[in-house]
2 protein chains.
Amino acid sequence: MSYISNIEDIKKCPTEFALALRDTLNVLSGKWKLNVIGVLFFGKKRFTEIEKGLEEITPRMLSKELKELELNGVVNRIVTASRPVVIEYELTESGYELKKVLDEMIGWGILHREKIFKK
Amino acid sequence: MSYISNIEDIKKCPTEFALALRDTLNVLSGKWKLNVIGVLFFGKKRFTEIEKGLEEITPRMLSKELKELELNGVVNRIVTASRPVVIEYELTESGYELKKVLDEMIGWGILHREKIFKK
DNA sequence: AATAGCACTATACTTTTGTATAGTGGAAAA
DNA sequence: TTTTCCACTATACAAAAGTATAGTGCTATT
């Protein structure tokens, strides 16, 4: 199935597609979101684990990104009521489904690089 | 073909994939790039035509975006040496190939919206 | 009792991104 | 010849995104 199979399709339903596209881009845009999502592809992680996985990120940024990703329905925050409380972050179903999008992006990126070097 | 078929694949070649992913994201990020590319999907256009197609963009921004897209190999700037000179912008092959990426993004966006509304 | 780890928050700052407004230089149309 | 169109550029500014550094409240360990 393809959403933009020809130019007529773009003309027919531009707003819904444009909104969906913008949503997806917003979920991925910024310096850290892709990295945070990347780390969480390996499974659920605690705050400091993600922090260590990304080395240069500040806790302020990580906190901000996780909140946004949660708000966008890409990440779940799981609180385990033990002593002390354990907080973990994991990708939602939607989060895991981003794999297809990222895959297509990687594909384009690799092909595009090849083309540029050939010239 | 899939780049991230399992977690092992991510572990094997993270840097090349990460770079390709970042390249693709950079080509699409920002307020106007997606719109400019969208307009050019309909065929080659002159500066003022794109400007009119996007209504709210300022010439400064359009000029900047077109330069970046050209630099990134997504758009060609074609100069026709008539009197007066006619300048047109068109998508490169790579530019048109973004369709697959955008399509996947639209797909995710639509599915994700549905999921959020169901809850 | 002092120290360390967890999961953050607060404040101030710098950098990047985008906006507003005006202007340029050439050609062509009125 | 004045005005208009085209394809931009220049300058100044505002807003958003990201960084640096320190600190909080809790629990657990030594």
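In what follows, chains are A, B, ... by sequence order, proteins preceding strands, each numbered from 1.
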Separation of [N] [atom2] from [X] [atom1] (nearest whole Å):
X: A:Glu70; N: C:dC8; atom1: CD; atom2: C1'; value: 14 Å
X: A:Glu55; N: D:dT19; atom1: CD; atom2: P; value: 15 Å
X: B:Glu56; N: C:dT17; atom1: CD; atom2: C1'; value: 17 Å

Check DNA chain D against residues 57-66 of chain B and give the residues with a non-hydrogen atom under 4.0 Å, in numerical order. B:Pro59, B:Arg60, B:Ser63

Can you check whether [Y]'s main-chain N or O pairs, donor with acceptor, with [X]'s side chain at less than 3.5 Å?
X: A:Ser63; Y: A:Pro59; answer: no
X: B:Thr48; Y: B:Glu51; answer: no
X: A:Ser82; Y: A:Pro84; answer: yes
X: B:Trp108; Y: B:Asp103; answer: no

Would you say B:Ile50 and B:Val79 are hydrophobically clustered, going by side-chain heavy atoms of ILVMFWY under 4.5 Å? yes

DNA chain C-proximal residues of residues 23-37 of chain A, any heavy atom under 4.0 Å: none

Residues touching DNA chain C, which here means a heavy atom under 4.0 Å, drawn from residues 82-91 of chain B: B:Arg83, B:Pro84

Which one of A:Leu28, A:Val39, A:Leu98 satisfies the side-chain contact (heavy atoms from CB on, under 4.5 Å) criterion with A:Leu34? A:Leu28

Just jot down the side chain to side chain donor-acceptor pair (under 3.5 Å) partners of A:Arg113, sequence neighbours excluded, or say none. B:Asp23

Going by side chain to side chain donor-acceptor pair (under 3.5 Å), name the residues that satisfy it together with A:Glu68, two or more places apart in sequence or in a different chain. A:Lys33

Is there a side-chain contact between A:Ile110 and A:Ile106 (heavy atoms, below 4.5 Å)? yes

Are the side chains of B:Leu91 and B:Phe41 in touch, meaning some heavy atoms are under 4.5 Å apart? yes

Output all residues satisfying side-chain contact (heavy atoms from CB on, under 4.5 Å) with A:Glu49, sequence neighbours left out; order by chain, then residue number. A:Lys45, A:Arg46

Does C:dC6 have its OP1 or OP2 closer than 4.0 Å to a side-chain nitrogen or oxygen of A:Arg46? no

For a quick test of reading the model: is some side-chain N or O of B:Lys45 closer than 4.0 Å to OP1 or OP2 of D:dA7? no

Testing C:dA7, D:dT9, D:dC6 for proximity to the side chain of A:Arg77, the answer is C:dA7

